[in-house]
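What follows is a short report on a single structure.
Only heavy atoms go into these numbers, but all of them, side chains included; no hydrogens, no water, no symmetry mates. Ligands are counted one by one from 1 in listed order, and the atoms in each one are counted from 1 as well.
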Amino acid sequence: MTFENYNRPFLFAGPCSIESEKQIDSTIKALTKKGKVDLIRAGVWKPRTRPNNFEGVGKIGLKWLVNAGKKYKVPVATEVANAKHFELALMAGIDAIWIGARTTVNPFSVQEIADSIKGTDIPVFIKNPITPDINLWVGAIERIKNAGISNIIAVHRGFASYEKSKYRNIPQWNIPIELMRILPELKVICDPSHICGNRNLLKYVSQKALDLNMFGLMIETHCTPDEALSDAHQQITPDSYYNLINSLIIREANPSSGNNVVLDDLRTKIDDIDDRIFTALAHRIRAIKEVGDYKKKNNMTILQVERWSEILENRIQNGKESGLRDVFTETILESIHNESVYQQNLILNQNNIE
Ligand code: PEP
Ligand code: MN
């Protein structure tokens with residue numbers, strides 16, 4: 001399969017894991033009934049964080065998956081984590097594979113898969129690594145590309161974090177956006193299921209992914225999600241899946257119809273505002289340096305914490321009055337303050353180690 005012929009959004013759906021022949025048959029039957037699925041996903045080897053959980057049915061599941069795919073005329077994909085998995089998947093007649101987040105993080109494993117994949121042209125989906133390290137993601141893509149694979153799709157599934165969050169894996173949208181910027185030809189899809197870890201946020205994350213011009217979605221679906229042996233909280237029924245897909249608004253990055261004069265005008269305005277913001281920032285840094293000279297002469301510390309608290313409170317209050325969110329003003333100020341401390345440290349100590 002190649003992806004050029006698919007319309008956005010490319011839809012990749014199916015259960016987290018294959019649990020039985022009957023389960024995979026009925027899920028694919030329900031998903032293909034209404035026709036809105038381009039590729040079926042189902043794991044047979046499950047990389048669980050802790051042992052003694054359901055770790056997949058293994059090799060026998062490949063046969064069930066391939067048979068059901070043929071029966072309902074839809075291509076099927078599974079996760080591979082090593083060369084052995086890949087060989088078994090290929091022999092069983094799987095149409096596409098994905099490399100999971102716990103594998104992308106390890107260049108040894110990715111290279112092992114790349115070596116075994118050489119000479120085939122199977123489509124490969126590459127999830128982002130668990131850690132927010134774009135280079136590991138790009139590196140995995142390069143390894144698979146160097147093995148001669150032409151159909152590669154990146155999958156954004158969010159990033160693990162110690163911080164408490166409403167997400168199971170924090171989206172950190174800036175990372176897939178940066179990936180799209182440095183590899184503009186690469187297609188990127190989103191896996192809202194593993195980002196959310198629950199059903200409530202799926203629609204919000206799916207719509208946001210499409211509005212960032214991602215190519216498609218991977219969504220975990222199960223006929224009886226509450227009884228699923230893995231990822232029960234985030235899986236949805238085929239019916240909810242159709243409702244979700246039907247509720248999404250598909251927007252184009254560069255619509256061919258209409259002219260873009262209005263957008264061009266607005267962008268010119270934004271360019272102009274950015275110019276003024278950065279000119280003002282350059283002024284501020286010059287002033288900061290003068291303050292640094294004064295502090296040096298008068299043997300003063302860089303930080304006077306009362307002054308910093310006062311700035312924060314006052315700017316956040318002013319920002320709020322102009323409609324800016326507190327968190328936004330605070331993030332910008334912290335960034336400016338970090339640079340100020342850096343510049344003054346340079347002046348006071350003639351050195352700096354960031
Ligand atoms: C999966 O897709 O079932 C899976 C294990 O995902 P991830 O690698 O994103 O955790
Ligand atoms: Mn899962």
| Atom indices of ligand 1 within 4.0 angstrom of W98 heavy atoms, with elements | 2 (O)
| request: Under 4.0 Å from a heavy atom of G100: give me the atoms of ligand 1 that qualify, with their elements. | output: 8 (O)
| query | For the residue pair F125 and F12, is the inter-centroid distance of their aromatic rings smaller than 6.0 Å? | reply | yes
| request: Give yes if a backbone or side-chain nitrogen or oxygen of E79 is under 3.5 Å from a nitrogen or oxygen of ligand 1, and no if not. | output: no
| task | May I have the angle between H194 NE2 and D231 OD2 with its vertex at the Mn ion (ligand 2), rounded to 10°? | result | 90°
| task | Kindly give the atom name of the N, O or S atom of E220 closest to the Mn ion (ligand 2). | result | OE2
| query | What's the spacing between L303 CG and S340 OG if we round to 0.5 Å? | reply | 11.0 Å
| said: Angle between ring planes, H85 versus W45, binned at 30° and 60°: parallel, tilted or perpendicular? | reply: parallel
| query | Under the 6.0 Å and 45° cation-pi test, does K187 pair with F3? | reply | no
| field | Closest approach of any protein heavy atom to atom 4 (C) of ligand 1, naming residue and atom | value | H194 NE2, 3.5 Å
| atom 8 (O) of ligand 1 [closest protein heavy-atom partner, distance rounded to 0.1 Å] | A101 N, 2.8 Å
| field | Residue, atom name and distance, where the atom is the protein heavy atom closest to atom 9 (O) of ligand 1 | value | R157 NE, 2.6 Å
| query | Would you say K127 and ligand 1 have an N/O pair spaced under 3.5 Å apart? | reply | yes
| Among R157, K127, R168, salt bridge (charged side-chain N to carboxylate O under 4.0 Å, His left out) partner for D191 | K127
| task | Give the ring-plane orientation class for H156 versus F159, where under 30° counts as parallel, over 60° as perpendicular and anything between as tilted. | result | tilted
| Sub-3.5 Å N/O-N/O distance, R102 and ligand 1 | yes
| request: Evaluate salt bridge (charged side-chain N to carboxylate O under 4.0 Å, His left out) for D226 paired with R199, printing each intermediate quantity in order. | output: CA-CA 11 Å; D226 289 333; R199 296 168 198 145; 3.1 Å; yes
